[in-house]
Amino acid sequence: MDRGLRSHVLVAVWGVVILAGFIGILWLSYRVQRNMHPAEYEGVVVEKWADYQETEQGSRPYFRLMLELENGQQLTIGVQRDLFNQARVGSRIRKTSEGIQLMQAATDKTG
């Protein structure tokens with residue numbers, strides 16, 4: 001094989017390797033992103049907080065709930081003000097294709 005042809009083959013092989021690596025990184029990034037924000041989940045509110053986001057257009061509030069899922073994993077979700085105000089620590093939250101459902105925590109009636 002002459003030197004010019006071998007050089008072209010080497011460039012082509014490296015191009016395929018780099019392209020395969022890039023595709024692999026994109027696929028892995030997509031999988032990690034899906035696991036971080038699953039399409040459906042159910043869990044218990046363990047913490048809630050609100051703060052303000054500062055932008056050039058001004059301040060705007062944001063509301064977050066931290067959930068503990070059934071498998072023990074914690075998930076932070078952004079919610080609207082009305083759901084934030086209704087949710088309490090201990091409330092159950094379920095997200096399905098139909099939306100987010102809030103089930104209030106059962107109150108302790110002993111005592």
Side-chain angles (χ1 to χ4, degrees):
M1 191 184 300
D2 72 342
R3 188 176 184 136
L5 181 59
R6 187 168 42 181
S7 176
H8 289 332
V9 169
L10 189 59
V11 168
V13 167
W14 275 110
V16 168
V17 168
I18 291 171
L19 182 62
F22 183 70
I23 290 172
I25 289 170
L26 287 177
W27 179 79
L28 183 61
S29 173
Y30 171 75
R31 296 286 297 169
V32 168
Q33 184 72 12
R34 275 192 52 197
N35 288 338
M36 288 178 63
H37 299 286
E40 295 187 354
Y41 53 81
E42 183 172 342
V44 176
V45 177
V46 293
E47 188 176 343
K48 59 186 270 188
W49 68 93
D51 206 349
Y52 287 92
Q53 178 180 13
E54 302 291 334
T55 67
E56 291 179 9
Q57 290 81 26
S59 301
R60 67 173 222 183
Y62 66 85
F63 306 95
R64 302 288 185 262
L65 300 175
M66 180 181 290
L67 306 178
E68 185 169 314
L69 305 181
E70 293 173 341
N71 63 5
Q73 181 183 9
Q74 291 188 336
L75 175 68
T76 301
I77 60 170
V79 295
Q80 298 296 321
R81 181 189 310 260
D82 59 338
L83 181 60
F84 180 82
N85 290 334
Q86 293 173 10
R88 302 283 180 256
V89 172
S91 298
R92 291 195 68 78
I93 299 265
R94 178 185 299 144
K95 181 181 178 204
T96 64
S97 60
E98 297 173 6
I100 296 179
Q101 299 172 343
L102 173 68
M103 288 91 47
Q104 294 297 335
T107 57
D108 185 13
K109 296 187 179 179
T110 62

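Numbers for residues simply follow the sequence, beginning at 1.
Side-chain contact between Met103 and Gln101: present, with at least one pair of heavy atoms (C-beta onward) separated by less than 4.5 Å.
Remark: Gln80 pairs with Asp82 by the side chain to side chain contact (heavy atoms under 4.5 Å, CB included) rule, at least two apart or across chains. With sequence neighbours left out, Asn71 forms a side chain to side chain contact (heavy atoms under 4.5 Å, CB included) with Leu69, Gln73. Scanning for side chain to side chain donor-acceptor pair (under 3.5 Å) contacts around Glu54 gives Ser59, with sequence neighbours left out. For Gln74, the side chain to side chain donor-acceptor pair (under 3.5 Å) test picks out no residue, with sequence neighbours left out.
Distance check, rounded to the nearest 0.5 Å: CD1 of Ile93 to CD1 of Ile77 gives 5.5 Å. Distance check: Glu47 CD to Glu68 CD gives 12.0 Å after rounding to the nearest 0.5 Å. With values rounded to the nearest 0.5 angstrom, Thr76 atom OG1 is found 4.0 Å from Met66 atom CE.
Residue pairs satisfying the ring pair (Phe, Tyr, Trp, His ring centres under 6.0 Å) criterion with at least one member in residues 51-101, sequence neighbours excluded, are listed as follows: Phe63-Phe84.
Closest heavy-atom contact between Gly78 and Arg64: CA-NH1, 3.6 Å. Summarising the geometry of Leu102 relative to Ala87, their closest heavy-atom pair is CD2-N, 3.9 Å, with the distance given to 0.1 Å. Minimum interatomic distance between Arg81 and Pro61 (heavy atoms only, all atoms of both residues): NH2-CG, 3.6 Å.
Hydrophobic side-chain contacts under 4.5 Å tie Ile23 into a cluster, directly or through other members, with Leu19.
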